[in-house]
A.B. asks: 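My questions will all concern the structure given below.
Atoms considered below: every heavy atom in the structure, side chains included; atoms not considered: hydrogens, waters and symmetry mates. Numbers restart at 1 for each chain; the letters A, B, ... are given by sequence-line order, proteins then strands.
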2 protein chains.
Amino acid sequence: MIQALPQLKPWMIDPAELLPVGARLPWERVFDGLPFGRDGLLPALGQQYASGEVLMLAWMNRAALRETLATRHVCYWSHSRARLWRKGETSGHAQHLREMRLGCDGDAPLLLVEQTGPAYHTGRASCFYNAVRGDRVQVISSALQRSGHD
Amino acid sequence: MIQALPQLKPWMIDPAELLPVGARLPWERVFDGLPFGRDGLLPALGQQYASGEVLMLAWMNRAALRETLATRHVCYWSHSRARLWRKGETSGHAQHLREMRLGCDGDAPLLLVEQTGPAYHTGRASCFYNAVRGDRVQVISSALQRSGHD
């Protein structure tokens, strides 16, 4: 079942909103309409497939998104290095893509991944190790090991 | 244990990187240094506290973040309405904040919430109901009910 898309907005996958489970849209048209910002980037979210733990929020440009789907190895865009960032390229701790999902506005790829080793270069499983508690921000997980800086 | 912050970068909570579990930073200084974009916004991620399901990615400005912490009811910034968006204000499906966490660069609040009712106005539990599968994007959860448009 492939739906006709008479009114696909250039920046939304809105027609999927009321479609039943199993309905499909053509990826190339959805991709062409993804709302990359003026900087050419979308926020992308890495989540551990098995546990549901949120690992990181990073950024993707069109090339990173294409490469990730083609290779099933997650590739982000590194602001600091201003180039494609193939997760694990220095640390060996890659993210294998199990599934990519898109939000209702297509504005943030959710990457369900199998992370081999820690996501974060201090050895933490997740980047989100700072909890806001009252008037303090508290570190809630240990830096277990140093690994490559990616 | 409150850490001295001799070299707090204006846009990072980087000093926490190698701190042990339980170490604390002053929230006000971290808040002042959060890397809100030129539009005054940060991406913010809503995750179901109990199940780990990622519910939505939205945006927060400083006021939304302040209000969320003060009231424990999640408040985003609505692009489309160009105003604060108190989740559930029309639908009744609010998000109660259990914990806010910050990523290693402080660039994305992760909101662990208890969502009362569906996150999304079509009645889906999560916004991320579009899975990229081969050359198609497939709807993977049902629109169960219509609720208020927030």
A.B. asks: Of all the residues in residues 38-46 of chain A, which have a heavy atom that comes within less than 4.5 Å of a heavy atom in chain B?
C.D. replies: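 Under the 4.5 Å heavy-atom cut-off, A:Pro43, A:Leu45 qualify.
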A.B. asks: Using 30° and 60° as the class limits, which term best fits the ring planes of A:Trp85 and A:Tyr76: parallel, tilted or perpendicular?
C.D. replies: tilted
A.B. asks: Tabulate below the donor-acceptor pairs under 3.5 Å that side-chain atoms of residues 49-56 of chain A make, not counting sequence neighbours, or state none.
C.D. replies:
from	atom 1	to	atom 2	distance (Å)
A:Tyr49	OH	A:Arg98	NH2	3.4
A:Ser51	OG	A:Glu53	N	3.1

A.B. asks: Relative to the ring of B:His96, is the ring of B:His73 parallel (under 30°), tilted (30 to 60°) or perpendicular (over 60°)?
C.D. replies: perpendicular
A.B. asks: So do the side chains of A:Thr68 and A:Gln95 get within less than 4.5 Å of each other, counting heavy atoms only?
C.D. replies: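 Contact flag for A:Thr68/A:Gln95 side chains = no.
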A.B. asks: Run the numbers on A:Arg24 and B:Arg133 for side-chain contact (heavy atoms from CB on, under 4.5 Å), then give the verdict.
C.D. replies: CA-CA 9 Å; A:Arg24 293 184 295 173; B:Arg133 293 182 176 166; over 6 Å; no
A.B. asks: Using the test side-chain hydrogen bond (donor to acceptor under 3.5 Å, both in side chains), find all partners of B:Gln48 that sit at least two apart in sequence or belong to another chain.
C.D. replies: none
A.B. asks: Mind ranking A:Val132, A:Leu112, A:Ile140 by heavy-atom pairs under 4.5 Å with chain B and telling me who comes out on top?
C.D. replies: A:Val132
A.B. asks: Name the region of B:Glu99, side chain, backbone, both or neither, that has any atom closer than 4.5 Å to a heavy atom of chain A.
C.D. replies: side chain
A.B. asks: Sequence neighbours excluded, which residues qualify as side-chain hydrogen bond (donor to acceptor under 3.5 Å, both in side chains) partners of A:Arg66?
C.D. replies: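 If we apply the side-chain hydrogen bond (donor to acceptor under 3.5 Å, both in side chains) test to A:Arg66, skipping adjacent residues, the hits are A:Glu28.
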